[in-house]
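Here the structure comes first, spelled out in structure tokens, and everything after it is commentary.
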Amino acid sequence: MIHSSMNCTKCKTKAVMKLPRHNAAFCKPCFNHFVHDQVEKAIKSQAMFGPDERILVAVSGGKDSLALWHILLALGYHADALYVHLGIAGYSERSYDKVQYYAKMIAAPLGATLHTHTVEQEAGAGIKELAQLVHRPTCSTCGTIKRYQFNRAAIEKEYDVMATGHNLDDEAARLLGNVLHWQEEYLDKQGPSLPASVEGFAKKVKPLYRLTERELAAYCVLNKIDYIVDECPMAQGAKTLLYKEVLNRLETESPGTKQYFYWGFLEKQRKQSATSAPATMAEKDQTILHPCMSCGQPTTAESCSYCKLMARAKSAVPH
Amino acid sequence: MHIQLSHPSRTVDIKGPKRAKDVLRELNLVVEAHLVIRGDELVTEDEMLADQDHIEIRPVISGGT
Ligand SMILES: Nc1ncnc2c1ncn2[C@@H]1O[C@H](COP(=O)(O)O)[C@@H](O)[C@H]1O
Ligand code: Q46
């Protein structure tokens, strides 16, 4: 018998997951404890929400957002979910199945509700056709619609805060992209907690920013959360993937690279706003944003990008 | 051992016994981007895998926009 097992740093039973960036290895109960603890740290240190607030989690059927819903419920928060059905043939249905299964089997018995927004019902077509109609890349159309519907659902259903499943890899990859192109104007908005700066904008938080994709996938496997492993068919060749690959190569060579990079950025941002604080983000937003003339959601233009998109799609529909 | 891979979905055969991390290396896969699952149990990359084991190597990186 070959002895190959490695033991949990905390309780010395057999480990199932190694975490080189924390110089640790954990068994299932200690790993769950670690994950919950990281999320609590995120919530508290970034003042995301309190125990009595109502949270709307955007759940896609992927590992991150299902794990997020699960963790928030396990920690005793009031967390409902929103699924946006994008109408992507063969993919949306399968991811919706995963979300519905979780909602029915685990969330509903805990008193949590799943809301669904179906793009085709409101817009008359799925995102692929909409994107073709307005001659824009599918993913940018998709992003506009998702952002808009997340915010609208949170406001209309009167949630205190809207949460997404963005993880450390997502945020580090995005930061790398923004830094490589010196897109400083985006850096301001890259924190894990964005306040409801103006009337009509919900507060937005990313409670998983302290956990990697691998840790979240492991959390799902260990807790038997059935998520969609396949990628959205449109996602292929995205720049984000390349940034993530590069960061993971660095992480393998020097564990902790991703967290130093992103958390270091957050720390710098915090120090800067504490010392200089010229105009807060809320003040800046209040000067440039006003209600969209068709839907009332805040925008910098006359009508918001969602209403513009819908108007262009309507006028392009062949009758 | 039979190994199930995704993106695209396929199976490969690799001679055991072998440590999970060496299997990953042989397939040119980065530890940080994958999980090794035996049956339905998660194992660490130090685990020794045997010929009769049913293994899934699951990618954990998602594309996004
Ligand atoms: N179709 C969807 N419905 C609801 N939430 C979604 C959907 N797609 C993405 N999300 C949310 O947005 C986050 C980032 O998604 P992605 O850009 O696919 O990595 C996910 O973790 C979810 O919280
Ligand atoms: S995160 Fe993503 S869901 Fe939508 S169409 Fe699919 S890839 Fe592109 S943006």
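Quick caveat, the model's predicted, so the values are computed rather than measured. Letters A, B, ... are given to chains in the order of the sequence lines, protein chains preceding strands, and every chain is numbered from 1.
Contacts of A:F31 with chain B are absent, with no heavy-atom separation under 4.5 Å from either backbone or side chain. Neither the backbone nor the side chain of A:T138 comes within contact range of chain B; no heavy atom of the residue lies under 4.5 Å from a heavy atom of that chain. Of the atoms belonging to A:K224, it is side-chain heavy atoms, and not backbone ones, that fall under 4.5 Å from chain B. A:E213 touches chain B through backbone and side chain together, each having a heavy atom under 4.5 Å away.
Taken to the nearest 0.5 Å, the CG atom of A:L216 stands 10.0 Å off from the OG atom of B:S62. Here the SG-CG distance, from A:C220 to B:L35, works out to 10.0 Å after rounding to the nearest 0.5 Å.
Residues B:A33 and A:N248 come closest through the heavy atom pair CB-ND2, 4.1 Å.
For B:H7, the NE2 atom counts as densely surrounded, since its 6.0 Å shell holds more than 12 non-hydrogen atoms of other residues, nucleotides or ligands. At most 12 non-hydrogen atoms from other residues, nucleotides or ligands lie less than 6.0 angstrom from NZ of A:K128. Environment of CG in B:D13: crowded, with over 12 heavy atoms of neighbouring residues, nucleotides or ligands closer than 6.0 Å. Around CZ of A:R94, the count of heavy atoms belonging to other residues, nucleotides or ligands within 6.0 Å exceeds 12.
Between chain A and the options B:V43, B:V31, B:V36, the largest number of non-hydrogen pairs under 4.5 Å is found for B:V31. Contact count versus chain B (heavy atoms, under 4.5 Å) is highest, among A:P255, A:P20, A:A218, for A:A218.
Residues that satisfy the salt bridge (charged side-chain N to carboxylate O under 4.0 Å, His left out) test with B:E41, not counting sequence neighbours, are absent from this structure. Among residues two or more places apart in sequence or in another chain, the salt bridge (charged side-chain N to carboxylate O under 4.0 Å, His left out) test is passed with B:E56 by B:R58.
With salt bridges taken as basic N to acidic carboxylate O contacts below 4.0 Å, none links A:K18 and B:E47. Residues A:K258 and B:E32 are paired through a salt bridge, judged by an N-O separation under 4.0 Å between the basic side chain and the carboxylate.
In this structure, B:I61 and A:R214 have side chains that are not in contact, with every pair of non-hydrogen atoms separated by 4.5 Å or more.
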